Protein chains: 2
Amino acid sequence: MCSTKREGMRGIPCPKGKIERFIEPCLLLLLAEKPAHGYELMDNLEQFDFDTRCQDPGQIYRYLRRMESEGLVISAWDPGGTGPARRSYSITEDGLSLLTAWMETLEKRIIIINKLISRYQETTKKGDA
Amino acid sequence: MCSTKREGMRGIPCPKGKIERFIEPCLLLLLAEKPAHGYELMDNLEQFDFDTRCQDPGQIYRYLRRMESEGLVISAWDPGGTGPARRSYSITEDGLSLLTAWMETLEKRIIIINKLISRYQETTKKGDA
DNA sequence: ACAACTATATGTATATATCACATAGATGAG
DNA sequence: CTCATCTATGTGATATATACATATAGTTGT
């Protein structure tokens with residue numbers, strides 16, 4: 001349930017192609033949809049290929065605290081609910097602005113990746129012909 | 001000519017959203033198209049948003065040597081041509097296999113990024129309505 | 001001889017991600 | 001009632017990746 005390892009040729013690992021800090025726009029989006037606490041966010045991050053629940057749960061708390069120190073989110077202890085105390089996070093105006101900036105960045109990224117893919121397809125087409 | 005800095009709100013830098021080791025599939029593709037030496041590859045990398053010529057030219061040589069040690073490319077000193085001696089790189093069968101693996105990885109990445117973008121658009125639609 | 005361009009390379013610092021571990025309240029089984 | 005398990009939040013150390021700075025050297029034109 002908690003493995004995503006992949007290998008290329010000769011034991012050389014094929015990088016997962018992760019995007020730098022990609023967890024940040026994901027967290028900002030989820031918090032733009034509705035306020036939430038860390039443990040809850042972990043489940044929702046699976047939709048974006050993160051397995052934070054199994055692999056390094058601490059990462060998410062570090063990110064949330066860092067983002068709070070940058071003014072992108074704000075938190076408060078949530079008195080409601082059962083179980084251990086939980087810290088509820090909400091997005092700020094600055095957080096929303098950064099999310100928008102992220103979207104532009106990611107749209108450009110897609111264009112570049114698509115350029116690479118289509119050039120690869122052309123090359124293999126010629127090579128096989 | 002050599003600046004790409006961008007900022008979000010409040011001086012918080014908006015990450016460029018770079019993909020981990022993305023230079024690797026780019027180099028593999030360029031070498032799949034035709035053998036080349038490092039300095040030449042720098043120019044062609046601009047097409048994939050790298051500014052290796054201006055920013056850290058050393059990076060490319062480190063990558064090429066590492067990839068050679070992994071058997072993804074092979075090199076030889078190129079006697080032809082003017083100017084300083086240059087090392088010509090060619091892709092290997094293992095390199096082509098890894099390039100294919102990279103393509104699958106990147107195609108999955110695109111799907112995830114698109115998921116994020118469309119969810120963002122839905123959220124802002126609702127928020128503005 | 002000196003500046004500019006081609007060409008390759010290394011040393012170090014910073015940023016980011018991963019691995020490992022620590023703490024603690026709540027809940028249900030035996 | 002105590003022990004395992006789940007929820008919930010966090011820190012320390014390490015590994016990896018990228019960025020910044022610098023070194024070397026042949027070649028060409030003035």
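This structure is a prediction, so every number in the text was calculated from the model and none was measured. Lettering of chains follows the sequences in order, A, B, ..., and the numbering in each one begins at 1.
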**Message:** Please encode protein proximity along nucleotides 11-19 of chain D as a string of B, S and -, counting only heavy-atom distances under 4.0 Å.
**Reply:** BB----SSB
**Request:** Can you sort out which residues in residues 25-38 of chain B have a heavy atom within less than 4.0 Å of DNA chain D? Ascending by number, please.
**Result:** none
**Request:** Take B:Ile60 and B:Phe50 through the side chain to side chain contact (heavy atoms under 4.5 Å, CB included) test and state the conclusion after the steps.
**Result:** CA-CA 11 Å; B:Ile60 200 167; B:Phe50 288 99; over 6 Å; no
Take the protein atom [atom1] of [X] and the nucleotide atom [atom2] of [N], then report the distance between them rounded to whole Å.
| X | N | atom1 | atom2 | answer |
| --- | --- | --- | --- | --- |
| B:Tyr39 | C:dA4 | OH | C1' | 10 Å |
| B:Arg86 | D:dA25 | CZ | C1' | 16 Å |
| B:Arg53 | C:dC5 | CZ | C1' | 9 Å |
| A:Glu68 | D:dT9 | CD | P | 13 Å |
| A:Trp77 | D:dA8 | CH2 | C1' | 8 Å |
| B:Leu41 | C:dA7 | CG | C1' | 12 Å |
| B:Arg87 | D:dA25 | CZ | P | 16 Å |

**Asked** Where the side chain of A:Thr82 is concerned, which of C:dA9, C:dA26, D:dT9 is the nearest nucleotide?
**Response** C:dA26
**Asked** Considering the options A:Leu99, A:Ile91, A:Leu31, A:Leu98, which one meets the side-chain contact (heavy atoms from CB on, under 4.5 Å) requirement together with A:Leu72?
**Response** A:Leu98
**Asked** Do A:Val73 and A:Leu27 have side chains that get closer than 4.5 Å, going by heavy atoms?
**Response** no
**Asked** In Å, rounded to the nearest 0.5 Å, how long is the span from CD1 of B:Ile110 to NZ of B:Lys108?
**Response** 13.0 Å
**Prompt:** When you match B:Ala85 and A:Ser88 each to their closest nucleotide on DNA chain D, which lands nearer the 5' end?
**Reply:** A:Ser88
**Asked** Going by an N to O cut-off under 4.0 Å, is there a salt bridge joining B:Lys34 and B:Glu40?
**Response** yes
**Message:** Closer than 4.0 angstrom, basic N to acidic O: yes or no for A:Asp49 and B:Arg109?
**Reply:** yes
**Prompt:** Excluding sequence neighbours, so at least two apart, what forms salt bridge (Lys or Arg N to Asp or Glu O under 4.0 Å) with A:Arg86?
**Reply:** A:Asp78
**Item:** Modelled atom types, side-chain donor and acceptor of B:Arg87 and B:Tyr61, under 3.5 Å
**Value:** no
**Asked** Does A:Phe48 have B:Arg119 sitting over its ring (NZ/CZ under 6.0 Å from centre, angle to axis within 45°)?
**Response** no
